[in-house]
**Q** 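This is the structure, below, for whatever I ask next.
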Amino acid sequence: MTDETRMHSSDERARSGAARDDDFERALVLDTVRVTELAAIAASRVVGKGLEDLVDQAGTDAMRRVLNELDIDGEIVIGEGERDEAPMLYIGERLGRRGPGAWPVDIAVDPVEGTGIAARMVNNAVTVIALAEKGGLFQAPDTYMEKLIVPPPAVDVVDLRWPVAANLAGLAQAMDRKVEDLTIVILDRPRHEQLLREVRAAGSRVKLIGDGDVIAALSAAIQGTNVHAVMGTGGAPEGVLAAAAMKCLGGAIQGRFAPRNDAERERLEAMGADSERVYHTADLAPGDHLVFSATGITDGELLRGVKFFRGGARTHTVTMGYHSRVVRFSDAIHLLDDGARVTIQL
């Protein structure tokens with residue numbers, strides 16, 4: 001084979017790989033938007049009633065129904081739990097049309113991130129999904145994870161193993177701010193009392209949230225939200241969803257599993273995970289083909305919640321693909337009833 005032929009063959013492979021990257025996103029980005037939009041609409045019909053199970057069931061049922069309509073051969077790797085505990089969207093469940101030509105994908109979902117805040121109609125409840133090629137998402141067990149999530153400028157200047165003050169200093173320098181100007185999101189839990197003291201002692205402000213660290217991660221990675229990092233211990237499955245978003249946005253998550261008991265520790269080890277290791281974005285979302293979508297259920301700093309009108313609803317969604325490097329905010333009108341009419345107002 002001549003040098004010219006080898007170069008031509010190499011170019012063809014590169015173009016073929018790029019085309020497949022584009023095809024994956026082109027085929028699935030709009031599908032992921034549809035999944036989260038319709039799940040958010042379904043969940044929004046029962047928010048504010050104080051019934052967490054009802055909100056979660058509504059979002060889960062809608063998400064499952066739409067996923068089964070897609071041209072995918074999908075498997076849930078991050079879902080509502082094990083099969084015996086979660087009749088819908090359980091880990092290992094197969095979804096999609098699964099016919100010839102269907103995209104083989106791993107799926108991470110949270111039909112309602114923040115069921116408690118959604119049930120009380122508090123801000124920042126969302127519905128979330130990430131899709132990747134097979135093996136493209138880490139199958140994290142339902143345990144806790146200590147997390148540090150930062151925006152793109154601070155990717156290389158923080159370390160989960162460092163003292164809190166050192167990470168805040170690095171973050172401030174990377175963002176050309178004073179430590180006192182930083183706002184750190186932390187889940188409002190008793191386990192974070194020491195972390196709160198350390199962050200405040202360093203001089204940074206703390207925004208306590210009742211739930212929803214995936215949307216908090218997005219807020220940290222997107223400018224204009226006045227959120228600069230997420231710290232503390234939350235759900236490990238949410239850590240994988242956050243990693244998918246961070247990979248698309250150029251931000252970073254560092255996570256260390258924190259099993260709550262011997263049973264969780266044994267299951268973690270059985271899955272090949274290490275509770276002593278610090279996992280990075282590429283470990284939790286290693287896929288080359290990756291799409292992510294989140295739709296607001298209730299209003300928040302980043303996304304507006306679902307608004308109903310006679311015969312329809314309005315949704316607000318952020319969606320992204322790893323290779324396109326494009327983050328889209330979509331404001332959609334859904335005419336849900338035959339003959340519904342709407343006057344669109346900005």
**Q** Can you get from Phe292 to Ile72 by hopping between Ile, Leu, Val, Met, Phe, Trp and Tyr side chains that sit under 4.5 Å apart?
**A**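 No, because Phe292 and Ile72 fall into different hydrophobic clusters, even though each may have its own neighbours under 4.5 Å.
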
**Q** Hey, does Glu301 have a side-chain heavy atom less than 4.5 Å from the side chain of Lys207?
**A** yes

**Q** Work out which heavy atom in Ala242 is nearest to a heavy atom in Ala217; give both atom names and the distance.
**A** CB-CB, 3.9 Å

**Q** Going by heavy atoms in the side chains, are Phe308 and Ser44 under 4.5 Å from each other?
**A** yes

**Q** What heavy-atom pair brings Gly101 and Asp71 nearest, and what distance separates the two atoms?
**A** O-OD2, 4.1 Å

**Q** Determine, for Asp331 against Arg304, whether the closest basic-nitrogen to carboxylate-oxygen distance falls under 4.0 angstrom.
**A** yes

**Q** Is a side-chain N or O of Gln57 found less than 3.5 angstrom from the main chain of Asp53, in a donor-acceptor match?
**A** no

**Q** Any cation-pi pair here, Arg26 with Phe24, using under 6.0 Å and within 45°?
**A** no

**Q** When you look at CG of Asp156, are more than 12 heavy atoms from neighbouring residues, nucleotides or ligands closer to it than 6.0 Å?
**A**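 No.
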
**Q** Between Lys178 and Asp181, is there a side-chain N and carboxylate O pair less than 4.0 Å apart?
**A**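 Between Asp181 and Lys178 there is no salt bridge, as every charged N stays at least 4.0 Å from the carboxylate O atoms.
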
**Q** Is there a path of hydrophobic side-chain contacts, each under 4.5 Å between heavy atoms of I/L/V/M/F/W/Y residues, joining Val150 to Leu249?
**A**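 Looking at the clustering, Val150 is in a separate group from Leu249.
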
**Q** Any ion pair linking Lys134 and Asp106 (charged N to carboxylate O, less than 4.0 Å)?
**A** yes

**Q** How long is the gap from NE2 on His228 to OG on Ser219, to the nearest 0.5 Å?
**A** 11.0 Å

**Q** So, are Asp299 and Lys307 salt-bridged, with charged N and O less than 4.0 Å apart?
**A** yes

**Q** Under the criterion side-chain contact (heavy atoms from CB on, under 4.5 Å), I'd like the reasoning laid out for Met231 against Asn167: C-alpha separation, chi angles, the key distance, then a yes or no.
**A** CA-CA 10 Å; Met231 292 182 172; Asn167 280 322; 4.3 Å; yes

**Q** Under 3.5 Å, is there a donor-acceptor pair between the side chain of Ser330 and the main chain of Ala332?
**A**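 Not confirmed, Ser330 side chain does not pair with Ala332 backbone.
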
**Q** Starting from Leu137, can I reach Ile91 by hopping between I/L/V/M/F/W/Y residues whose side chains sit under 4.5 Å apart?
**A**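 As far as the 4.5 Å side-chain criterion goes, Leu137 and Ile91 are not connected within one cluster.
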
**Q** Take a 6.0 Å sphere around CG of Asp176 and say whether it holds more than 12 heavy atoms from other residues, nucleotides or ligands.
**A**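 At most 12 heavy atoms, drawn from other residues, nucleotides or ligands, come within 6.0 Å of this atom.
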
**Q** Does Arg197 have more than 12 heavy atoms from other residues, nucleotides or ligands lying within 6.0 Å of its CZ?
**A**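 Above 12, so yes.
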
**Q** If only atom types and distance count, is the side chain of Glu93 paired as donor or acceptor with the main-chain N or O of Tyr90 below 3.5 Å?
**A** yes

**Q** Taking Glu75 for the side chain and Arg94 for the main chain, is one N or O donor matched with an acceptor at less than 3.5 Å?
**A** no

**Q** Is there a donor-acceptor pair under 3.5 Å between the side chain of Thr298 and the backbone N or O of Ala125?
**A**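 Yes, Thr298 side chain to Ala125 backbone: donor-acceptor pair under 3.5 Å.
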
**Q** Pick one: which of Thr295, Thr317, Thr319 meets side-chain hydrogen bond (donor to acceptor under 3.5 Å, both in side chains) with Thr36?
**A**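 Output: one option passes, namely Thr295.
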
**Q** Step by step, would you call Val318 with Met320 a side-chain contact (heavy atoms from CB on, under 4.5 Å)?
**A** CA-CA 7 Å; Val318 59; Met320 58 198 80; 3.9 Å; yes

**Q** Picking from Ile107, Val291, Asp110, what satisfies side-chain contact (heavy atoms from CB on, under 4.5 Å) with Ile129?
**A**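 Per the side-chain contact (heavy atoms from CB on, under 4.5 Å) rule, the option paired with Ile129 is Ile107, out of Ile107, Val291, Asp110.
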
**Q** If you define the side chain from C-beta out and look only at heavy atoms, does anything of Val105 sit under 4.5 Å from Asp73?
**A**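 Counting from C-beta outward, Val105 and Asp73 never come under 4.5 Å.
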
**Q** Give, for atom CZ of Arg120 and atom CG of Asp211, the distance between the pair rounded to the nearest 0.5 Å.
**A** 8.5 Å

**Q** Verify salt bridge (Lys or Arg N to Asp or Glu O under 4.0 Å) between Asp142 and Arg267, making sure each step is shown before the conclusion.
**A** CA-CA 9 Å; Asp142 187 13; Arg267 183 160 183 269; over 6 Å; no

**Q** If you round to the nearest 0.5 Å, how far is CG of Leu51 from CG of Asp56?
**A** 12.0 Å

**Q** Do Glu146 and Arg256 sit within salt-bridge range, that is, some charged N less than 4.0 Å from a carboxylate O?
**A**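 Counted as a salt bridge, because a side-chain N and a carboxylate O are separated by less than 4.0 Å.
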
**Q** Establish, for the pair Arg314 and Phe309, whether the NZ or CZ atom is under 6.0 angstrom from the six-membered ring centre and no further than 45 degrees off its axis.
**A**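 Arg314 over Phe309 ring: no.
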
**Q** Search all heavy atoms of Val112 against all heavy atoms of Thr115 and return the closest pair with its distance.
**A**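 Reported closest heavy-atom pair: O-CG2, 3.5 Å.
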
**Q** Decide yes or no for Leu89 and Met63: does some side-chain heavy atom of the first lie under 4.5 Å from some side-chain heavy atom of the second?
**A** yes

**Q** With a 4.0 Å cut-off, would you call Arg205 and Glu180 a salt bridge?
**A**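 No, Arg205 and Glu180 are not salt-bridged.
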
**Q** Check for a donor-acceptor pair, side chain of Glu25 on one end and backbone N or O of Ser324 on the other, with a separation under 3.5 Å.
**A**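 Such a contact is found between Glu25 side chain and Ser324 backbone.
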
**Q** Is any NZ, NE, NH1 or NH2 atom of the basic residue among Arg34 and Glu69 found under 4.0 Å from an Asp or Glu carboxylate oxygen of the other?
**A**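 Result for this pair is yes, salt bridge flagged.
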
**Q** May I ask you to decide if Leu187's main-chain N or O and His192's side chain share a donor-acceptor pair within less than 3.5 Å?
**A**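 Checking the backbone N and O of Leu187 against the side chain of His192, a donor-acceptor pair under 3.5 Å is found.
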
**Q** Check for me, please, whether Leu218 and Val240 land in the same ILVMFWY cluster - side-chain distances under 4.5 Å, paths through other members count.
**A** yes

**Q** Apply side-chain contact (heavy atoms from CB on, under 4.5 Å) to Asn124 and Leu302, showing your working.
**A** CA-CA 8 Å; Asn124 283 320; Leu302 188 64; 5.9 Å; no

**Q** What pair of heavy atoms forms the shortest contact from Ala62 to Ala39, and how long is it?
**A**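 Reported closest heavy-atom pair: CB-CA, 3.8 Å.
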
**Q** Walk me through it: do Lys147 and Gln254 pass the test side-chain contact (heavy atoms from CB on, under 4.5 Å)?
**A** CA-CA 6 Å; Lys147 305 171 192 174; Gln254 296 181 24; over 6 Å; no

**Q** Search all heavy atoms of Val157 against all heavy atoms of Leu171 and return the closest pair with its distance.
**A**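 Looking at all heavy atoms of both residues, the shortest contact is CG2-N, 4.3 Å.
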
**Q** If you round to the nearest 0.5 Å, how far is NE2 of His280 from NZ of Lys247?
**A** 14.0 Å

**Q** Should Leu284 and Leu241 be regarded as members of a common hydrophobic cluster, given that ILVMFWY residues are connected when their side-chain heavy atoms come within less than 4.5 Å of each other, either directly or indirectly?
**A**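 Yes, Leu284 and Leu241 fall within the same hydrophobic cluster.
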
**Q** Answer yes if the ring centres of Phe257 and Tyr279 are under 6.0 angstrom apart, and no otherwise.
**A** yes

**Q** How many angstroms lie between CG in Leu67 and CG in Leu95, if you round to the nearest 0.5 Å?
**A** 5.5 Å

**Q** Is a side-chain N or O of Arg189 found less than 3.5 angstrom from the main chain of Gly210, in a donor-acceptor match?
**A**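 Present.
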
**Q** Hey, is the main chain of Arg200 close enough, under 3.5 Å, to the side chain of Ser204 for a donor-acceptor pair?
**A**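 No, because the side chain of Ser204 does not come within donor-acceptor range (under 3.5 Å) of the backbone of Arg200.
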
**Q** Determine whether Val164 and Leu195 make a side-chain contact, defined as any pair of heavy atoms from C-beta on separated by less than 4.5 Å.
**A** yes

**Q** Verify salt bridge (Lys or Arg N to Asp or Glu O under 4.0 Å) between Arg64 and Glu80, making sure each step is shown before the conclusion.
**A** CA-CA 11 Å; Arg64 186 175 191 270; Glu80 294 288 273; over 6 Å; no

**Q** Measure across Pro151 and Ala220 and return the closest heavy-atom pair with its distance rounded to 0.1 Å.
**A**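 Smallest heavy-atom distance, with atoms named: CB-O, 3.2 Å.
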
**Q** Do Val109 and Ile76 make a side-chain contact, defined as non-hydrogen atoms from C-beta onward lying under 4.5 Å apart?
**A** yes

**Q** State, yes or no, whether a side-chain contact exists between Trp103 and Leu70 at a heavy-atom distance under 4.5 Å.
**A**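 SC-SC contact between Trp103 and Leu70 ruled out.
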
**Q** Roughly how far apart are Leu182 CG and Ile184 CD1, rounded to 0.5 Å?
**A** 5.0 Å

**Q** Can you tell if the side chain of Ile186 reaches within under 4.5 Å of the side chain of Ile209, non-hydrogen atoms only?
**A** no

**Q** Between His334 and Gly312 (side chain of the first, backbone of the second, donor and acceptor by atom type, cut-off under 3.5 Å), is there such a pair?
**A** no

